[in-house]
Each structure stands twice: as structure tokens, then as C-alpha cells.
Amino acid sequence: MGNTSCVVIGLAGGSGSGKTSVASALARDFKDKGAIVIEQDWYYRNIPEDSRIKASDWNFDHPDSVEFSLLIDQLKTLRKGEPVEAPQYDYKTHSRMKETRRIYPQPVIILEGILILDNPELRSLLDIKIYVDTDADVRFIRRLQRDIHERGRSVENVITQYYKTVRPMHETFVEQSKKYADIIIPQGAENYVAIDVLKTKIKWLLREAHGR
Ligand SMILES: Nc1ncnc2c1ncn2[C@@H]1O[C@H](COP(=O)(O)OP(=O)(O)O)[C@@H](O)[C@H]1O
Ligand SMILES: O=c1ccn([C@@H]2O[C@H](COP(=O)(O)O)[C@@H](O)[C@H]2O)c(=O)[nH]1
């Protein structure tokens with residue numbers, strides 16, 4: 001563990017791999033000790049205000065689309081035991097909301113997002129590095145259903161974006177970051193054995209930090 005008393009878990013993996021589901025399962029299990037999930041997606045930059053730039057053409061899967069410097073600063077602040085004002089993101093308008101969300105430091109901090117293991121400085125702040133590994137066809141089907149039902153997208157829109165940016169960026173940045181993982185979880189939150197192993201390790205690190 002780093003020089004603070006919280007355990008920071010980084011969860012990466014392709015879009016639709018099950019990161020959010022694994023993060024929620026862990027947060028539920030550590031609710032009594034205090035756990036918080038921080039999403040990489042909250043830190044998306046706004047698309048530049050230029051009428052020629054359309055959201056449907058924007059690359060949301062390249063590391064430059066995310067304000068990692070802010071995410072790293074806020075994680076360091078939380079590790080020091082201080083609260084942060086985390087940004088919030090609206091997928092329907094592709095923009096940061098006016099409101100922020102106050103996040104208080106917790107013994108268990110779970111950071112989830114497609115590029116969490118790609119950024120070297122962010123990696124150095126993680127106590128446990130996880131990659132959720134799910135086949136591309138399954139990820140695509142899940143994304144298609146989710147983006148239509150929850151993110152206001154059409155079938156055409158999801159398919160076009162997948163070919164244009166999601167798939168190539170996954171191959172260039174996400175898939176290659178798997179090599180930095182301490183643990184690779186196939187099947188996401190359904191992999192109860194892997195989740196149990198992970199929970200044991202987190203408990204061990206918490207005991208080491210707090211004697212509890
Ligand atoms: N094991 C699973 N079986 C079926 N559907 C799942 C499973 N895991 C996740 N999903 C669904 O797939 C979608 C994407 O999962 P999510 O956990 O949000 O992935 P990610 O955060 O990696 O994009 C969600 O709608 C979720 O309910
Ligand atoms: O405005 C936006 C912002 C992001 N996306 C897509 O979201 C995924 C990452 O979220 P997951 O929950 O990990 O799937 C990323 O692949 C972006 O393409 C978007 O479509 N629009």
C-alpha cells in the first residue's frame with residue numbers, strides 16, 4: 001500500500017466488460033468499512049465549442065478526451081484524507097454538468113474506467129490493478145443495449161462509433177494496458193471466485209493499514 005491508510009483499487013477493461021458491475025459489487029461488500037467508486041467518465045473534457053465539431057465524430061476513447069491531470073490531483077487529495085469536488089458528466093449532452101459531487105475520503109477507493117491502467121502516473125497511485133476481460137462480441141452487445149436504453153443513442157450511432165473510434169482505441173490503448181494488471185478477471189461480476197480473492201486481498205491491506 002502507498003503512504004496513506006486507504007486502499008485504492010483500479011479497475012480497467014473494455015467498454016461493456018463489466019467494470020461498473022465489479023466496482024458496485026466491491027463497494028457493496030465494503031460498505032460497512034466505507035467505500036467509494038470514482039468513475040473515469042466523470043472527468044471527460046467538454047467537446048471544444050466549434051460548430052464544425054459534432055459529438056458523433058468525437059473520439060471519446062482516446063486518453064486526451066479525459067482530464068487525467070484532474071483525476072490524479074483529486075485522487076492524491078483523497079489519499080491525503082481530504083474531500084474533493086468531483087466533476088459529473090452527462091452522456092446525453094456529452095458534457096460536464098454544472099454541479100459537482102463532493103467526495104469524502106474512504107478506506108476503500110475504487111477507480112473504474114477504460115483507460116485507468118493506461119496512464120503511468122495513475123497506475124503508480126493504485127494498490128491493486130485489475131483488468132476485467134470480456135470478449136469483444138459480448139462487450140459490443142452489452143454496449144449496444146446500454147447505450148440505447150440509458151445513454152439516448154440509436155443503433156446506427158452505436159455501430160458507427162464502435163467501428164470509428166471504440167474498437168481501434170480499444171486495440172491501441174485498452175487491450176495493451178492489460179499487461180499492467182495484478183489480476184485479470186474473466187466474465188466480470190459473475191466471476192465470484194475472482195471477486196472473493198480480490199475481497200480477501202483488500203481486507204488484508206485494510207488490516208495492515210488500520211489493524212482491523
Ligand atoms: N455478467 C453480465 N451478464 C449480463 N449483463 C451484464 C453482465 N455484466 C454487466 N452486464 C450489463 O452490461 C452492461 C455493461 O456493464 P457495465 O458493468 O456497465 O460495464 P462497463 O462499466 O465495463 O462498461 C450493463 O448494462 C450491465 O448491466
Ligand atoms: O459522451 C460520451 C462519453 C463516453 N462515451 C463512451 O463511453 C465509454 C466508456 O464508458 P464505459 O462505461 O466503460 O462503457 C467509452 O467507450 C466512450 O466511447 C460516449 O459514447 N459518449
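When a ligand or atom number is given, it counts from 1 through the structure's own listing order. Keep in mind that this is a model prediction, so the values were computed, not measured.
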Asker: Applying a strict under-4.5 Å side-chain criterion to I, L, V, M, F, W and Y, I'd like to know whether F140 and Y91 cluster together.
Answerer: no
Asker: Would Q161 count as a contact of ligand 2 if the rule is a heavy atom under 4.0 Å away?
Answerer: yes
Asker: Consider ligand 2: state whether an atom of it lies below 4.0 angstrom from any non-hydrogen atom of M169.
Answerer: no
Asker: Supply the atom-to-atom distance L117 CG to Q176 CD, rounded to the nearest 0.5 angstrom.
Answerer: 9.5 Å
Asker: Got an N/O contact under 3.5 Å between Y91 and ligand 2?
Answerer: no
Asker: Among all protein heavy atoms in this structure, tell me which lies nearest to atom 11 (P) of ligand 2, with the distance rounded to 0.1 Å.
Answerer: R146 NH1, 3.6 Å
Asker: Which residue and atom name correspond to the protein heavy atom nearest atom 15 (C) of ligand 2, and how close is it?
Answerer: D61 OD2, 3.2 Å
Asker: Decide yes or no for C6 and V108: does some side-chain heavy atom of the first lie under 4.5 Å from some side-chain heavy atom of the second?
Answerer: no
Asker: Just need the protein heavy atom nearest to atom 14 (O) of ligand 2, so name the residue and atom and give the distance.
Answerer: S15 OG, 2.6 Å
Asker: Output yes when the distance from some N or O of ligand 2 to some N or O of Y89 is under 3.5 Å, and no in every other case.
Answerer: yes
Asker: I want to check something: taking the side chain as every heavy atom from C-beta on, are I202 and T200 in contact at a cut-off of under 4.5 Å?
Answerer: no
Asker: When the side chains of residues 8-22 are checked against the rest of the protein, which donor-acceptor pairs come out under 3.5 Å, sequence neighbours left out?
Answerer:
| residue | atom | partner | partner atom | Å |
| --- | --- | --- | --- | --- |
| S15 | OG | R143 | NH1 | 2.8 |
| S17 | OG | G14 | O | 2.7 |
| K19 | NZ | G13 | O | 3.2 |
| K19 | NZ | G14 | O | 2.9 |
| T20 | OG1 | E112 | OE2 | 3.1 |

Asker: Any idea which protein heavy atom is nearest atom 13 (O) of ligand 2, and the distance to it?
Answerer: K19 NZ, 2.9 Å
Asker: I need the nearest protein heavy-atom contact for atom 6 (C) of ligand 2: residue, atom name and distance, please.
Answerer: R143 NH2, 3.7 Å
Asker: Under 4.0 Å from a heavy atom of Y44: give me the atoms of ligand 2 that qualify, with their elements.
Answerer: 3 (C), 4 (C), 15 (C), 17 (C)
Asker: Given L125, which of L78, I72, L71 fulfils the side-chain contact (heavy atoms from CB on, under 4.5 Å) condition?
Answerer: I72
Asker: Between E82 and Y104, is any side-chain donor less than 3.5 angstrom from a side-chain acceptor?
Answerer: no
Asker: For ligand 1, would you mind listing the residues that have at least one heavy atom less than 4.0 Å away, ordered by chain and number?
Answerer: G14, S15, G16, S17, G18, K19, T20, S21, R142, R146, E190
Asker: For the backbone of E85 and the side chain of Q74, can you confirm whether one donor and one acceptor N or O come within less than 3.5 Å of each other?
Answerer: yes
Asker: Assess R151 for proximity to ligand 2: is some non-hydrogen atom of it under 4.0 Å away?
Answerer: yes
Asker: Report the part of D41 (side chain from C-beta onward, or backbone N, CA, C, O) that has a heavy atom under 4.0 Å from ligand 2; answer both or neither where that applies.
Answerer: side chain
Asker: Is ligand 2 less than 4.0 angstrom away from at least one heavy atom of R153?
Answerer: yes
Asker: Looking at every non-hydrogen atom in both residues, tell me the closest pair between R153 and H94 and how far apart they are.
Answerer: NH2-CE1, 3.2 Å
Asker: Can any side-chain N or O of H170 pair as donor or acceptor with the backbone N or O of V166 at less than 3.5 Å?
Answerer: no
Asker: Look at atom 5 (N) of ligand 2 and say which protein heavy atom is nearest, naming residue and atom and giving the distance to 0.1 Å.
Answerer: F60 CB, 3.9 Å
Asker: Can you see whether D118 engages Y180 through a side-chain donor-acceptor pair at a distance of less than 3.5 angstrom?
Answerer: no
Asker: Taking side chain as C-beta onward, heavy atoms only, is I114 less than 4.5 Å from D61?
Answerer: yes
Asker: Working to the nearest 0.5 Å, report the span between CG of N119 and CD of Q40.
Answerer: 9.5 Å
